[in-house]
Amino acid sequence: MTTRAQILRVLPYALLLALALVPQVYPAAQVLLTLALAKSLAVLGVIVLLQAGQVSFGHALFFAIAAYAAAFLGNSMGGGEIVLSLVLGTVCSAAVALVVGVFIVRYRHIFFGMLNLALSMIFFSFLEKFYHVTGGSDGLSVARPRVLGMALERGPFELVLFYGTLGLVIGALVLTHRFLSSPVGQMMRAIKTNEVRLEYLGVSARNVLLAGYVLSAALCGLGGVLMSTAQGIVTPEYAWWVRSGEFVFIAILGGAGSVGGAVVGTLAYEAVKTYAAAFAADIWQMILGVVLLVVILFAPNGLIGLFRSWTRRIGSAPERTGDRAGDRVGAGE
Amino acid sequence: MNAQLVALAVFDGISYAALVFLVAVGLTLVFGVLRVLNVAHGSFYALGAYATASVGGAIFAAGYAPWLAFPLMLLAAVLIGVLVGGPIEKFLLGRIYELEDVLQILVTFAVFMILEDVQRLIWGGQPFFEATALNQLGTVTVFGITYTVYQLIFLPVVAIVVLIGLRLGLRRTLTGRLITAVTEDREAAVTIGIDVERIYLITFIIGASLAAFGGALASATTSVVPGMGADMIVLSFAVVATAGLGQIEGAAVTALLIGLGRSFAVYLWPELEVLIPYIIMFGVLLVRPSGLFGTVQARKI
Amino acid sequence: MKTLMIASAMAVALAAGSAAAAEKPDEIRLGITAFLTGPASVFGEPAKAAAEMMIEEMNAEGGIGGVPVSATFVDEGAGGEALLAEYRRLVEDVDVDAMFASISSGNCTKVGPLAEDLKVLNIMWDCGTQRIFEENDFRYSFRTQANATPEMLATVLYLLKTKPDFKTIAVVNQDYAWGRDSWAIFSTALKQLKPDVEVVAEFFPKFGAPDFSTEISRLQALRPDVILSTSWGGDLDTFVRQAAQRGLTNNSTLVLPLAESSLERLGDALPEGHIVGTRGDHYFLHPEKTGNEDFDAFVAAFKEKTGAYPIYPVFHMSQALAAIKAAYEKAIAANGGDWPSREQVVDAMAGLTFAGLGRDVTIREDNQGVEDQLLGTTMHSDDYDFALLGDMMMFDGDAVTTPVGQISADWLKTLSPDFVESVQVETFN
């Protein structure tokens, strides 16, 4: 085997192992990582749609729907049960995506993005306006749920949440990778390259995109529930367009071509944002903007793409032919 | 709701629509030619407002004649367009026209984030307010309700002048015709020897100046605060998408629709006010997928 | 892990009783959250400048108990996640001695339980929601100023004392928790104290709305005697300017409980005869403090440094700093002159009385500060090119603050019209 293949094979596992050890090695970062991992699920949702060449500037909608659904459920049950919250939140997001998706998958490109934006802004305004139900801009606090019936203290709960989130992210990565490798996933990519040809083959591009849309919404929903549980609060800001933009931003940063980009991108993004906010409180937005510009201009395939080209350089020549295909999906799979 | 209140709501709607149109028309013009949806458009709006309010505040405090407020607005708008918009197109957007839509939008998103902080570094967090222009024009009383002439008459007139000016400019002037040619068919324009890069630059400067002009005009009626650009950009997106991308007259009609919808909401059901633009956009796009005035593009095989 | 170790160390220290002396640190580290970006930076920026000036002065005079003070600032504008992450980092990694958090009530609500978990002294230095200590029982969080209930109740009292015969009122508040909550308190109190008032319109334009033209048209048609707005920052400035430009201020009296923070910016746009609140007794021409050497020197130095006169967040910051100084000194004294543990400092906060730039503030047993409330009516003077406060009244903080253990919404409903006369008030001219 070549060096490149070895590195590619080992690195994801090394990264996961490093993540799994964080609570023992550097406990201060544990909660931040939980939040980052939760967000990476939503980014993964955005990446699914990017395979079809479609970008949603309103996916925070599904993030917020699930988070609010879980908050209402939890608060009505005096804390509730985390497993139930996760299932209910994800199902709510997927169900809404199925209904609005029927309309939205008829649109492409800018209009696809704008319709999603409009929907998320309607929901955002609704959350802010209907103060007596949603708590307005202060949002709802989310009581600490039980875990499989057990009421945990903060410390153990946060640890469970961290490993639970990590497990769910790994599961979601595997599942999404499988989906994208499946015939439906291949057809999604055909929407990006040549949709009309797909239709000539007798395939309904709309149904294919709808499947991807519901999956991406479910991933966002899962992330939303985890985020609100980790934070103990859910606010309308969950549905704000800047957050949707952030998901797309991270997807590009990590590398929209592969599912691994979601995790790598989010970790890098949160690290930059946290340290920028801590050490350059005045200009953290500017720093993020410059990072984004540099990535797009000089590394359009994101961090994963950078890593690939690096391993390619140190790898052997025959590997080169596989690169184009490899750029599309998955690091190391 | 009686006839008087309907009239009042119409007045309020029109004056709001005028400002929204001025900003949105720049966005739609830029999209029509460059095919880039420019998130940083909102920053130009904010920069125009900041420049006018801060410079205006300084020169009027120094005792200069108040009528200077009007030329100042134009000057600020053109300067922002040329000095900020120009380099952004030339050195940044110029490099990304070959990239996917998503990446282009994200580049403008990055510019937006950077400009947000630039504004704060220059002008700080305190609100600016400079209403000399508005005070110059005085007030007028209609149905027992006092309006400022600036909002009720001046802004709508400016909007109409800009609309007609743009239309005539695109039809009658050489540059306008070149812009139209590039909008219609970029490849054909290149083959007949049009300097497309120059047209892009000019269009972007005009678009950015229009946004800055909108901000300059708004600065007389509203506090200039951090974050004002972010709100405006989403609203402009709604106008542009509802109208149909690249549709100048469409933007005017849509702005009016949103302005009226909003003011009637304040009279009838205030809680609905903020939802109006998005509801209109969503409703229109469901019925007409390319917007009110948009045309369906031919699909490539 | 670290938290656990600190917690157990503290448990040991507690078990050993007050005789235990902690080692005297090199410095007392504070973490201060404030909006440095976004619309609320109108409050965060002056407060930050004030904190830097006051800490510098404090250190020049020997710090607290001989130990210098240092502060790290956190931007609330970066959003809830970043704030909570940074809060943890400051407590766990930088090991701050106390946190000052925060300006936003939403952030105070988020930070309260976290401070309990991290066992860090948390001074809620500016946020106003009355819910914090009515719905929670915190050990580590204290509020060194009043809350929304006394602020609104004092406003109602001032209105009823200066304009007892008004019949109609309308409200234009920002559409977020503060705008809604403050109106709920104000309207509940008003209904109890003057049951015959009619509410003719309720507007909640969105936060950061750039234009109130339509609302103003409607208000002109309705002609209410009084218009309440608890808005602040750019929103309040825009509303007042547009209202003044269109003559609304000639027919209706504006009641603006937060306008003290906008007076200088508004310049001559805010006409005479409108009611302005100060969220406490916060005013750069404080009727009792002007003439006091330290007060005047600070106001002049602040104006010199920032170009503006101090506004209420500056006063709030001075109170939080005064409180922490007083708490340390009280804990040192209680510890027989030895340096106190952090838990002992928390203990010392209970019942503490301290004074920042304004009058004395006392921390009650529910950790809520009791602060007198100053309001006035705008008037113009030749000495300043913006509106000043005339006909000032100071309301006794004890009388207008919800009693310990009660919920504001319920307590307000027990008031009756004769409450207006029962509250002790001092007037200044």
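Note that this is a predicted model, so its numbers are computed, not measured.
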Around C:E56, counting heavy atoms of other residues, nucleotides and ligands shown, do more than 12 lie under 6.0 Å from its CD?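 Atom CD in C:E56 is not crowded, with 12 or fewer foreign heavy atoms closer than 6.0 Å.
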Ranked by heavy-atom pairs below 4.5 Å to chain C, first place among A:E158, A:E153, A:Q30 goes to A:E158
Once rounded to the nearest 0.5 Å, what's the spacing between atom CG of A:L32 and atom CD of C:E86?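 The CG atom of A:L32 sits 10.0 Å away from the CD atom of C:E86.
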How long is the gap from CG on C:N107 to CD1 on A:I233, to the nearest 0.5 Å?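 Rounded to the nearest 0.5 Å, the CG-CD1 separation comes to 8.5 Å.
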Identify the two heavy atoms, one from A:Q231 and one from C:L84, that lie closest to each other, and give their separation to 0.1 Å.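 Where A:Q231 meets C:L84 most closely, the heavy atoms are O-CD1, 4.3 Å.
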Any donor-acceptor N/O pair, A:K129 side chain to C:K206 backbone, under 3.5 Å: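 No; zero donor-acceptor contacts below 3.5 Å.
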